[in-house]
Amino acid sequence: MKTTYISTQAASTASRLSILKMQTELAKNTKELSSGRWADVGLELGNKTGRTISLRQDYQRLDAIKDTNGLVASRLDTSQAALDGVLKNAQDFSASLIAVRSGNVGAEVISDDAKNNLQSLIASLNSSINGEYLFAGINTDVRPVTDYYSTPTSATKTAFDTELANYCTSVGAASPADLSASDLSTFIDTNLTTMFNATNWSDPTTGWSSASNQNVKSRISTSELIETSANANDPAFRKLAMAYTMVSELANKGLSEKTYQTLIDKSTQIMGEATVDLTVVKARLGTAQERLSNANGRIDAQMDILNRNINDFEQVDPVETQTRISALETQLDMAFSLTSRAQKLSLLNYL
């Protein structure tokens, strides 16, 4: 019979290696239990790893679109709030115009009201969020509308004053107070309409707007790209600015009663058209909001499906994992106990 020599050191080393292996396995299983997925997905799935990577990329792309949609929703909500204020001011001003038509006793009041509304309109069109102007079209970093009442005198007001003075001279009127009803009607229909047309409105020297005609487009899903802004060049805003300007500049100039009534009638007509156009702008943004909400609903459903598919590949069974952890802990306790006993073995105890 032959015996094989085994040293105490060799036995101890083997035991330590076994303990290290179990500790590594225990750490791996503990990580899996806390995260709910394989610690090393590639090792566990093998050639199926490419599928789960593809699913995760699709999930992350949808998640990024949803985050962007949150910013788009904020921009649309803020734009709608600004337009609500513009529309309310327009409706109130239209009611005031009707109230003061019977006589020019309210000329000073309606003139001041028009001036305040014009300043409020400009402030609304210059609204911004997160450093981006809402009504600048794609020129989101450019302040869209210049101030009309400013110090020194703005280019837009200078252009209006010059146009009015030249017209008065051409019809033989010493001042706006001398304009007849037909003269004022022609001035509004011809001169002012031209000043506030699309070309002159955006004139880089004397125009009001630096906004782009092209609205911002946003990708709200993998297959939808929609307009999600309005711009200050829309006819609604040009008509509002025209009506407010002509009333603020002319109502208190001492016009004859008939000429004053012509001013009020023309302003009322323009305000009515502007209100309709403004409602169209709000409806278009409202449609964008609805499409955005529907897109988010579809994205949520798609992300839920992708998440379930990812879990089918990567998720671990928590009960099975806990069972392995318990078994490893028991084995480790036994291994530590045996190692401790082996380390106490010594010939000195028997001498």
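Everything quoted here is computed from the prediction, not taken from an experiment.
- Hydrophobic clustering of Ile, Leu, Val, Met, Phe, Trp and Tyr side chains at less than 4.5 Å, counting indirect connections, keeps Tyr133 apart from Val86.
- Considering only heavy atoms from C-beta on, Met195 stays 4.5 Å or farther from Thr206 through its side chain.
- Asn200 CG to Thr205 OG1: the interatomic distance, rounded to the nearest 0.5 Å, is 11.0 Å.
- Taken to the nearest 0.5 Å, the NZ atom of Lys66 stands 3.0 Å off from the CG atom of Asp300.
- At a cut-off of 3.5 Å, with distance as the only test, a side-chain donor of Ser248 or Tyr149 sits close to an acceptor on the other residue.
- With values rounded to the nearest 0.5 angstrom, Asn309 atom CG is found 12.5 Å from Tyr59 atom OH.
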If you apply the rule ring pair (Phe, Tyr, Trp, His ring centres under 6.0 Å), what do you find for Trp208 with Phe196, and how did you get there? CA-CA 9 Å; Trp208 291 63; Phe196 286 88; 5.5 Å; yes

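- Judged by distance alone, with hydrogens and angles left aside, the side-chain atoms of Gln302 form no donor-acceptor pair with the main-chain N or O of Leu62 at under 3.5 Å.
- Residue Glu273 places its CD atom among more than 12 non-hydrogen atoms of other residues, nucleotides or ligands, all under 6.0 Å distant.
- In the hydrophobic clustering of this structure, Val216 does not group with Leu134; members are Ile, Leu, Val, Met, Phe, Trp, Tyr whose side-chain heavy atoms approach within less than 4.5 Å, directly or through other members.
- Side-chain contact between Lys239 and Leu278: absent, with no pair of heavy atoms (C-beta onward) separated by less than 4.5 Å.
- A donor-acceptor pair under 3.5 Å links the side-chain atoms of Thr190 to the main chain of Thr186, judged by distance alone.
- Side chain to side chain, Thr228 and Arg75 meet the donor-acceptor criterion of an N or O pair below 3.5 Å.
- Judged by distance alone, the side chain of Asn126 and the main-chain N or O of Ile122 form a donor-acceptor pair under 3.5 Å.
- Salt-bridge formation is not detected for the pair Glu249/Lys115: no Lys NZ or Arg NE/NH1/NH2 atom is positioned less than 4.0 Å from an Asp or Glu carboxylate oxygen.
- Residues Thr199 and Asp203 are not in side-chain contact: their nearest non-hydrogen atoms beyond the backbone lie 4.5 Å or more apart.
- Here OG1 of Thr262 is found 12.0 Å from CG of Leu250. Values are rounded to the nearest 0.5 Å.
- With contacts defined as side-chain heavy-atom distances shorter than 4.5 Å, the pair Phe160/Thr156 does not qualify.
- Expressed to the nearest 0.5 Å, how far CD of Glu163 lies from OG1 of Thr194 amounts to 8.0 Å.
- Salt-bridge check for Arg238 with Asp234: failed, with every basic side-chain N at 4.0 Å or more from each acidic carboxylate O.
- Residue Val281 comes nearest to Ala230 through the heavy atom pair CG1-CB, 3.8 Å, listed as atom of the first residue, atom of the second, then distance.
- Inspection of the Ser182 and Ser185 side chains reveals no N or O donor paired with an N or O acceptor under 3.5 Å.
- In the hydrophobic cluster analysis, where Ile, Leu, Val, Met, Phe, Trp and Tyr join through side-chain heavy atoms closer than 4.5 angstrom, Phe135 is grouped apart from Ile138.
- Within the 4.5 Å cutoff, side-chain heavy atoms of Met246 are placed close to those of Leu263.
- Considering every non-hydrogen atom in both Ser127 and Ser124, the closest pair reads OG-O, 2.7 Å.
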Apply side-chain contact (heavy atoms from CB on, under 4.5 Å) to Tyr260 and Val100, showing your working. CA-CA 10 Å; Tyr260 174 79; Val100 300; 3.5 Å; yes

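- A salt bridge links Lys157 to Asp161: one of the charged nitrogens lies within less than 4.0 Å of a carboxylate oxygen.
- A donor-acceptor pair is defined here as one N or O able to donate and one able to accept, closer than 3.5 Å; no such pair exists between the side chain of Arg61 and the backbone of Thr222.
- When atom types are taken as modelled, the side chain of Trp201 and the backbone of Ala232 share a donor-acceptor pair closer than 3.5 angstrom.
- Atoms OG and CG, on Ser229 and Asn231 in that order, are 7.0 Å from each other to the nearest 0.5 Å.
- Taking the six-membered ring for Trp and the full ring otherwise, Phe93 and Tyr244 have centroids separated by under 6.0 Å.
- Using modelled atom types, one side-chain atom of Thr245 and one backbone atom of Ala241 make a donor-acceptor pair closer than 3.5 Å.
- Ser120 contributes no side-chain N or O that, together with a main-chain N or O of Asn116, makes up a donor-acceptor pair within less than 3.5 Å.
- Contact annotation: the side chain of Gln91 never approaches that of Met271 to less than 4.5 Å [non-hydrogen atoms, C-beta and beyond].
- Looking at Ser154 and Asp147, their side chains never bring a donor and an acceptor atom within 3.5 Å of each other.
- No donor-acceptor pair under 3.5 Å is formed between the side chain of Ser150 and the backbone N or O of Thr153.
- A single hydrophobic cluster is seen to contain both Val171 and Leu164, as judged by linkage of ILVMFWY side chains at heavy-atom distances under 4.5 Å, directly or through other members.
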Evaluate Ile129 against Ser74 for side-chain contact (heavy atoms from CB on, under 4.5 Å), listing each step before the verdict. CA-CA 8 Å; Ile129 182 173; Ser74 296; 3.9 Å; yes

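- A salt bridge links Glu224 to Arg291: one of the charged nitrogens lies within less than 4.0 Å of a carboxylate oxygen.
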As a quick check of understanding, evaluate side-chain contact (heavy atoms from CB on, under 4.5 Å) for Ile65 and Ile220, giving each step before the final call. CA-CA 6 Å; Ile65 292 175; Ile220 61 172; 5.7 Å; no

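- When only modelled atom types and interatomic distance are considered, Arg143 and Ser128 share no side-chain donor-acceptor pair under 3.5 Å.
- In this structure, Leu97 and Arg101 have side chains that are not in contact, with every pair of non-hydrogen atoms separated by 4.5 Å or more.
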Evaluation steps, side-chain contact (heavy atoms from CB on, under 4.5 Å), between Gln261 and Ile264: CA-CA 5 Å; Gln261 289 179 347; Ile264 298 302; 5.6 Å; no

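- A donor-acceptor pair shorter than 3.5 Å can be found between the side chains of Asp77 and Gln289.
- By the 4.5 Å heavy-atom criterion applied to side chains, Val72 and Leu76 are counted as neighbours.
- At distances below 3.5 Å, at least one donor-acceptor pair connects side-chain atoms of Thr259 with backbone N or O atoms of Leu179.
- The hydrophobic clustering, which links ILVMFWY residues whose side-chain heavy atoms are closer than 4.5 Å, places Leu125 and Leu87 together.
- Looking at Asn233, its side chain does come within 3.5 Å of a backbone N or O of Ala211 through a donor-acceptor pair.
- Residues Ser210 and Val142 share a closest heavy-atom pair of CB-CG1, 3.7 Å.
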